[in-house]
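Report on the structure given below.
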Amino acid sequence: MYKKVVVLGGGTGMSCLLRGLKDFPLDITAIITVADNGSSTGKLRKEFHTPAVGDIRKVITNLSTIDDPIKKMMEYRFRTSSDLNGHAVGNLILTSMLEITGSLKESIACLSKLLDVRHTVLPLSEEANLELVGIDKNGNEIEGEEQITKSEGIIEYICYKKEPKVLEEVITGIEEADLIILSMGSLYTSILPNIICRDVCNAFDRSKAPIMYLCNAVTQPGETDYFTVGDHVEMLNRYLNKRHIDVVIASNSVIAKDIVKKYEKEEDKDPVKIDYAKLDHLDVELIEDDLIVVDDNTIRHNSLKLSSLIFSYLMR
């Protein structure tokens with residue numbers, strides 16, 4: 001019987017991970033945050049009163065085993081002067097299925113079957129009105145995931161405007177997991193939206209599975225400026241109840257100076273450094289390796305190598 005792995009997150013980082021992890025003999029459940037209110041997803045949420053579907057689309061596409069042209073179609077965004085402008089085809093398909101089935105969970109199951117996804121994809125919640133709230137260091141409240149990301153203030157705390165009603169299948173998946181993974185991605189808008197839910201934290205407490213964090217390669221402006229690997233772990237621990245991060249995977253890659261300067265100048269991002277003393281103090285196991293690749297001047301994790309480390313950890 002395959003080991004059960006639950007991955008929580010959203011965005012590009014999680015999709016990158018699952019692209020490699022799906023090729024290993026594992027039973028994967030991907031749990032996706034549904035509070036995004038930007039871009040195509042934000043428009044569809046407002047018009048159709050639905051949960052966010054953008055991150056779900058990315059995950060389904062990357063877990064799919066069908067041919068690449070179909071995956072590219074799912075990710076294709078219309079470029080037009082009409083109302084279709086900016087919408088991803090996959091977002092429109094998921095929204096249409098949601099209109100037909102009345103359930104995001106069922107819509108995901110239908111699309112997963114169509115695209116030959118052999119793992120489970122679940123939304124954190126079916127609620128359409130979930131909204132993230134960020135509190136900056138001056139006490140100002142910033143409502144909405146997109147607004148938090150664009151905020152110029154330093155975010156100190158994240159919460160929901162209303163406590164989410166988490167799907168029962170999400171809770172069951174966490175409780176039955178052999179490994180819980182918090183994926184790389186935006187700390188405040190992709191990872192924490194999953195674990196700030198009371199029901200999810202309580203499920204973590206009941207679970208016997210180790211909690212693994214896949215640390216980001218670079219910092220996020222306004223969220224994790226100057227953060228080390230240990231700072232990321234410490235922040236996550238702050239939101240967990242009785243549990244803490246058991247193991248963290250981080251990259252020790254030496255990134256070319258011109259790429260580092262490009263990120264610093266154009267995106268105000270810096271490589272996340274490993275601080276061994278702090279990690280030791282936090283009592284977290286560190287797994288480090290050369291995990292970063294630069295593709296078209298863009299820093300990315302080597303999905304296959306990262307997935308190999310995860311599988312090796314599970315097979316101990």
Side-chain angles (χ1 to χ4, degrees), residues 1-11 13-15 17-18 21-22 26-36 50-53 55-56 58-60 63 94 98 101-112 117-133 145 158-183 185 187-214 236-247 310 314:
M1 184 181 291
Y2 288 171
K3 295 278 190 178
K4 294 183 178 181
V5 175
V6 168
V7 185
L8 297 98
M14 185 174 184
S15 299
L17 165 66
L18 293 173
L21 202 60
K22 75 174 188 289
L26 297 168
D27 180 355
I28 303 169
T29 297
I31 298 169
I32 324 292
T33 175
V34 288
D36 185 10
T50 64
V53 297
D55 287 348
I56 293 169
K58 292 176 187 174
V59 166
I60 291 175
L63 281 175
L94 270 172
L98 183 51
T101 66
S103 164
L104 181 55
K105 182 183 69 174
E106 291 302 318
S107 301
I108 292 169
C110 291
L111 187 57
S112 294
V117 172
R118 299 167 189 177
H119 299 280
T120 303
V121 180
L122 293 171
L124 178 71
S125 172
E126 290 265 9
E127 292 180 283
N129 59 348
L130 289 185
E131 188 167 23
L132 281 177
V133 177
E145 180 179 316
I158 197 87
C159 60
Y160 280 107
K161 200 168 184 179
K162 182 188 76 169
E163 180 69 22
K165 184 179 180 181
V166 178
L167 283 183
E168 280 296 326
E169 291 87 346
V170 168
I171 302 305
T172 302
I174 292 170
E175 291 175 346
E176 295 180 352
D178 295 301
L179 178 65
I180 298 167
I181 298 176
L182 304 181
S183 176
L187 201 60
Y188 283 104
T189 57
S190 291
I191 312 306
L192 287 178
N194 289 287
I195 66 174
I196 59 178
C197 303
R198 187 184 305 113
D199 290 341
V200 170
C201 272
N202 289 339
F204 280 5
D205 291 344
R206 292 189 296 270
S207 174
K208 296 180 181 178
I211 301 175
M212 173 184 283
Y213 170 54
L214 311 181
L236 289 167
N237 284 344
R238 186 190 304 176
Y239 286 87
L240 295 171
N241 282 341
K242 301 172 184 177
R243 298 293 305 273
H244 66 272
I245 304 299
D246 296 290
V247 55
I310 294 168
L314 259 174

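Counting from 1, the numbers follow the sequence of the chain as shown.
Taking CG of Leu182 as the start and CG of Asn194 as the end, the distance is 8.0 Å to the nearest 0.5 Å. The CG atom of Leu111 sits 4.5 Å away from the CD1 atom of Ile60 when rounded to the nearest 0.5 Å. Taking CG from Asn237 and CD1 from Ile195, the interatomic distance works out to 8.5 Å, rounded to the nearest 0.5 Å. The line from CD of Glu163 to CG of Leu130 is 9.5 Å long, rounded to the nearest 0.5 Å. Annotation: the span from Leu124 atom CG to Ile32 atom CD1 amounts to 9.5 Å, rounded to 0.5 Å. Within the model, atoms OG1 of Thr120 and CD of Glu169 stand 10.0 Å from one another, a figure rounded to the nearest 0.5 Å.
Taking the side chain as every heavy atom from C-beta outward, Met14 and Asp55 never approach each other to under 4.5 Å. Ile108 is not listed as a side-chain neighbour of Leu122, based on a closest heavy-atom distance of 4.5 Å or more. Inter-residue side-chain proximity for Leu236 and Leu192 is flagged as met; some heavy-atom pair is nearer than 4.5 Å. Ile31 places none of its side-chain heavy atoms less than 4.5 Å from the side chain of Val200. Using a 4.5 Å cut-off on side-chain heavy atoms (C-beta onward), Ile211 and His244 make no contact. Residues Val121 and His119 fail the side-chain proximity criterion, which asks for heavy atoms closer than 4.5 Å.
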Legend entry - Candidate pair Ile310 and Leu17, rule side chain to side chain contact (heavy atoms under 4.5 Å, CB included), full reasoning: CA-CA 10 Å; Ile310 294 168; Leu17 165 66; 3.6 Å; yes
Inset, instruction - For the pair Tyr160 and Leu132, evaluate side chain to side chain contact (heavy atoms under 4.5 Å, CB included) and give the outcome as yes or no after the intermediate values. - result: CA-CA 5 Å; Tyr160 280 107; Leu132 281 177; 3.7 Å; yes
Inset, instruction - May I have the step-by-step check of side chain to side chain contact (heavy atoms under 4.5 Å, CB included) for Leu104 and Ile56, ending in yes or no? - result: CA-CA 10 Å; Leu104 181 55; Ile56 293 169; 3.8 Å; yes
Inset, instruction - Kindly indicate, with the supporting measurements, whether the criterion side chain to side chain contact (heavy atoms under 4.5 Å, CB included) is fulfilled by Leu179 and Leu26. - result: CA-CA 11 Å; Leu179 178 65; Leu26 297 168; over 6 Å; no
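Nearest heavy-atom pair, Ser190 versus Gly185, reported as atom, atom and distance to 0.1 Å: CB-C, 4.4 Å. The minimum heavy-atom distance linking Val6 with Ala177 is given by the pair CG2-CB, 3.7 Å. Here the closest non-hydrogen pair linking Ala30 and Leu18 is CB-CD1, 3.9 Å. Nearest heavy atom pair, residue Pro193 against residue Thr33, reads CB-OG1, 3.4 Å. Contact between Arg243 and Leu240 at its shortest, heavy atoms only, is O-CB, 3.5 Å. Taking every heavy atom of both residues into account, Glu126 and Pro51 meet most closely at O-CG, 3.3 Å.
Under a 3.5 Å cut-off, the side chain of Ser125 and the backbone N or O of Lys165 do form a donor-acceptor pair. In this structure, the side chain of Tyr239 engages the main chain of Ile158 through a donor-acceptor pair within 3.5 Å.
Remark: Ser107 engages Thr101 in a side chain to side chain donor-acceptor pair (under 3.5 Å) (not counting sequence neighbours). When the salt bridge (charged side-chain N to carboxylate O under 4.0 Å, His left out) test is applied to Asp178, no partner is found at least two apart in sequence or on another chain.
Within the structure, every pair that satisfies the side chain to side chain donor-acceptor pair (under 3.5 Å) test and touches residues 196-206, not counting sequence neighbours, is listed here: Glu175-Arg206, Asn202-Asn241, Asp205-Asn241.
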